[in-house]
Amino acid sequence: MKKITVLFAAVVWLISACATAPATQSSGLTFFHLNDTYRVDAVEDGTAGGFSRVMTLVRDAKAQGRDVRILHGGDFLYPSLESQLWDGLQMIDAMNFVNAVAPLYAVAGNHEFDRRGPEQLVAALKASDFAWLGDNYTFDTGDVAADAMLRSGFTFQSGDKTVGVFSVTLHGDDGGNTRDYLDIDPDYKGAARRAIAALDARGVDLIIGVTHIHMWQDVEIAKLQADYPKLAFIVGGHEHEPQYSKVANSAIVMKGASNARVIWRIDVDFSEGDGYIVNEQRIVLDEAIAFDPDYDVLANKWRGRLLEKFPFLEARIGTAAHRMDVREETIRSRETSWGNFVTDLMRKAFGDPPADLAFINGGTLRIDDYIEDDIRFEDIGRTFGFSSLLRYTTVTGAEFKRIMEAGYRGGPEAQGYFPQVSGFRVCVDRSRKEFDRIVSLQLPSGDGWQEIEADREYLLVVPDFLYGGGDGYEIPKDRFASRPGSELKYLVLDEILRAQGNGESVGEPVTRENRRYHELLESKEPCFTH
Ligand SMILES: [Zn+2]
């Protein structure tokens, strides 16, 4: 039996002038929050996440008499295998289905702007029945009707209560996309304050936020509750792992896991006067929660279309030597067998001898799933939601250490920039200050390992995205670099087919002996001892 998976954070929170227990006059407002969803269907062979399970919970809440609203914290149009065919219209179809059962309000995440031109965004906006919200950004797509679909100062009615929703999204300077058809104000807190003040002045009963920015920025905005007590909570996206912050005199901040693996249910009940009670639950969506048969008609329709386009999608192309965990929470925080396999191929991308060093940001490897037993074409298609052309250049040992420090900045939680590496092993102490955390970075030497030499030149292979400064990696541009070439997806496919032809399986387990990444638990601990 599966363990009970509905986790109750069950923090009842009171914000009311009256300290006595309020006689609640329930308006029964329930929000479900999800974010960073790239799949119409569930993940992990259908055992985790997915809109279908969300629909089951939504229908249950409605059956309890709750007034249900769905909040989406952004990132849904791209990237995915399906988006390469339909530019996110498959997700719009799924979100319209949700919206027809309970109104859906979404903020645009940075991935809604992955395309350089506005045409695909315009098509997505026009196909949407649900509301797109934005208070720190506007569209200038050249299509006035599409631009006007982005709502600012949004409110909705629940019984006799009016709820205001503010919404902010990520600027290019913080890892968002910069586009001609887009104007984003990077002063998130300023924009939020203006939007909240305007909602407050209109006399709304409750204010909530739906955002797509970094968690610490949400936490900063949440402090506005001190000035605007009606600000109850902020739900967001961009991080792919669950986030939660609850501090005195601040609004609660919540984010779910990618692909609706973990979502939030937030019940709001209004008490007499200006008070309200927020009761939030973190919900893990797994097999304990049934699929919604009506939604599954839609999911099966898109699966059928995908198989029509790629009849070979489920074809077996190789064999995994062991169960490889390629879920985002893993590939964005730890060394992985799949990441090692991919980066080893990167070093060989430009012929013999292989480059000395290679790395890739975990966020590029998008499959968010396990790869085990048969490797199917679909595993490759889903791993590479982006095109990943590679480049090679040279760096000195000292430069390379500086470059890699960017990969270990911030907290220990999963980050899209966390590197999967090849050609070296690295020992990191996160208790040290940022950009001074690499204790040791070693290359193979004979039978052993040797510290990288500060003045020596090394050949480095990286995706074009990282060469261009993506994810905060600063690679020197004052020397020769190859043109972008050698699509990583095909290298991986090629190698798997080669291995299969030779009767070999793919992927080597990460062990204490062969590990490439060692994060010290204590500063005194020596690197790479077993
Ligand atoms: Zn994002």
Side-chain angles (χ1 to χ4, degrees), residues 33-39 43 49 71-80 82-83 87-88 91-92 95 105-116 120-121 124 132-137 139 150 167-179 181-182 184-186 188 191-192 209-221 234-243 253-264 327-329 331-333 361-368 382 384-386 409-411 413-418 463 465-466 469-473:
H33 171 67
L34 48 153
N35 52 274
D36 298 85
T37 58
Y38 309 93
R39 294 278 294 266
V43 290
L71 306 172
H72 196 299
D75 280 359
F76 45 90
L77 291 184
Y78 305 93
S80 66
E82 287 84 349
S83 291
D87 285 297
M91 291 307 301
I92 299 292
M95 290 164 78
Y105 313 133
V107 61
N110 51 300
H111 284 305
E112 273 61 83
F113 315 127
D114 275 4
R115 290 282 186 249
R116 289 187 193 286
Q120 295 84 0
L121 176 65
W132 291 63
L133 312 185
D135 289 289
N136 78 323
Y137 64 106
F139 296 149
L150 187 67
S167 206
V168 293
T169 198
L170 205 60
H171 186 268
D173 289 351
D174 289 317
N177 274 314
T178 303
R179 300 293 181 228
Y181 56 82
L182 191 59
I184 303 179
D185 178 358
Y188 313 118
V210 183
T211 67
H212 193 86
I213 50 181
H214 298 291
M215 182 64 184
W216 65 269
Q217 295 162 331
D218 282 304
V219 168
E220 202 44 51
I221 292 174
I234 297 170
V235 288
H238 197 57
E239 281 90 354
H240 285 204
E241 270 195 281
Q243 310 280 326
V253 183
M254 291 160 277
K255 304 191 185 199
S258 55
N259 292 316
R261 272 199 179 77
V262 176
I263 66 169
W264 291 85
R327 293 173 305 155
E328 291 193 333
E329 62 173 293
I331 199 127
R332 292 167 175 234
S333 66
N361 54 316
T364 287
L365 307 173
R366 305 294 296 200
I367 179 169
D368 195 16
R382 293 209 181 278
F384 297 99
F386 302 108
R409 69 192 194 270
E413 68 276 5
Q415 301 281 4
Y417 54 75
F418 180 86
F465 168 68
L466 296 186
D471 269 357
Y473 290 102

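Positions are given from 1, in the same order as the sequence printed here. Predicted model, so just to flag it, every value in this text is computed and none were measured. Note that ligands are numbered from 1 as they come in the structure, with each ligand's atoms numbered from 1 the same way.
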Heavy-atom donor-acceptor pair, Asp218 side chain to Val253 backbone, under 3.5 Å: no
Residue Asp75 atom name (nearest to the Zn ion (ligand 1); N/O/S): OD2
Closest non-hydrogen atom pair, Val210 against Leu71: CG2-CD2, 4.0 Å
Geometric class of the Tyr38/His240 ring pair [parallel <30°, tilted 30-60°, perpendicular >60°]: tilted
Carboxylate-amine/guanidinium contact Asp368 Arg39, below 4.0 Å: no
Contact flag His111/the Zn ion (ligand 1), N/O/S atoms, threshold under 2.8 Å: no
Where the Zn ion (ligand 1) is the vertex, angle from His212 NE2 to His238 ND1 to 10°: 100°
